[in-house]
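Working notes, beginning with the structure itself.
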Amino acid sequence: MANQILGNVYIIDANSANVAFPWLANSYVEGVAFWGADTTSVVQFTFANTSNVWLRLDNPNQFEATQYVHFGGVRIDELKVPTLTAGTAWIYLK
């Protein structure tokens, strides 16, 4: 599977390196979920400058686990995922 938008959910299962994801105009992020397989799992979201980290989630467990962060509607104009290892992320758009 590749990164894709299904309805109001952006499914991310591959990093984007230094390339911005195709982004819907005037998008608001309701929340972000991350499923990680084990302690090697990590996802990092950045803005245009990949050293400006917006959100980083990892799995502190040796077993698979899911985390969710609720933002309630934060406007995002551009987003990159330079790091995604052993997991899948979901961005819920408002």
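Just so we're clear, the structure is a prediction, and the values are computed from it rather than from any experiment. Index from 1, following the sequence. Computed over heavy atoms, backbone and side chain alike; hydrogens, waters and symmetry mates excluded.
Annotation: salt bridge (Lys or Arg N to Asp or Glu O under 4.0 Å) contacts involving residues 47-56, sequence neighbours excluded, comprise R56-D58.
Two different hydrophobic clusters hold L79 and V42 under the rule that ILVMFWY side chains link at heavy-atom gaps under 4.5 Å.
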TODO: Kindly indicate, with the supporting measurements, whether the criterion side chain to side chain contact (heavy atoms under 4.5 Å, CB included) is fulfilled by I12 and L84.
DONE: CA-CA 9 Å; I12 302 168; L84 177 62; 4.0 Å; yes

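The heavy-atom pair separating I5 from P22 by the smallest distance is CD1-O, 4.5 Å. The two residues T39 and P60 come nearest to each other via the heavy atoms CG2-O, 3.8 Å.
Interatomic distance, T83 OG1 to L57 CG, rounded to the nearest 0.5 Å: 12.0 Å. Atom CH2 in W35 sits 5.5 Å away from atom CD in E64 (nearest 0.5 Å). In this structure, CD1 on I11 lies 8.5 Å from OG1 on T88, to the nearest 0.5 angstrom. Rounding to the nearest 0.5 Å gives a distance of 6.5 Å between CD of Q67 and CG of N59.
Counting only heavy atoms from C-beta outward, the side chains of I91 and F45 approach each other to under 4.5 Å. Residues F47 and I76 form a side-chain contact, since some pair of their non-hydrogen atoms from C-beta on lies under 4.5 Å apart.
The side chain to side chain contact (heavy atoms under 4.5 Å, CB included) test applied to N26 returns R75, not counting sequence neighbours. For Y28, there are no ring pair (Phe, Tyr, Trp, His ring centres under 6.0 Å) partners, not counting sequence neighbours. For F71, the side chain to side chain contact (heavy atoms under 4.5 Å, CB included) partners at least two apart in sequence or on another chain are V29, V32, W54, L55, V69, V74. Under the rule for a side chain to side chain contact (heavy atoms under 4.5 Å, CB included), the partners of A33 that lie at least two apart in sequence or sit in another chain are Y68, W90, Y92. Partners of S16 under the side chain to side chain contact (heavy atoms under 4.5 Å, CB included) rule, at least two apart in sequence or in another chain, are F21, K80, V81.
Between the side chain of S41 and the backbone N or O of A86 there is at least one donor-acceptor pair closer than 3.5 Å. A donor-acceptor pair under 3.5 Å links the side-chain atoms of N8 to the main chain of L93, judged by distance alone. For N49 (side chain) and S51 (main-chain N/O), a donor-acceptor pair under 3.5 Å exists by modelled atom type. Under the 3.5 Å distance criterion, the side-chain polar atoms of N3 are matched with a main-chain donor or acceptor of A14.
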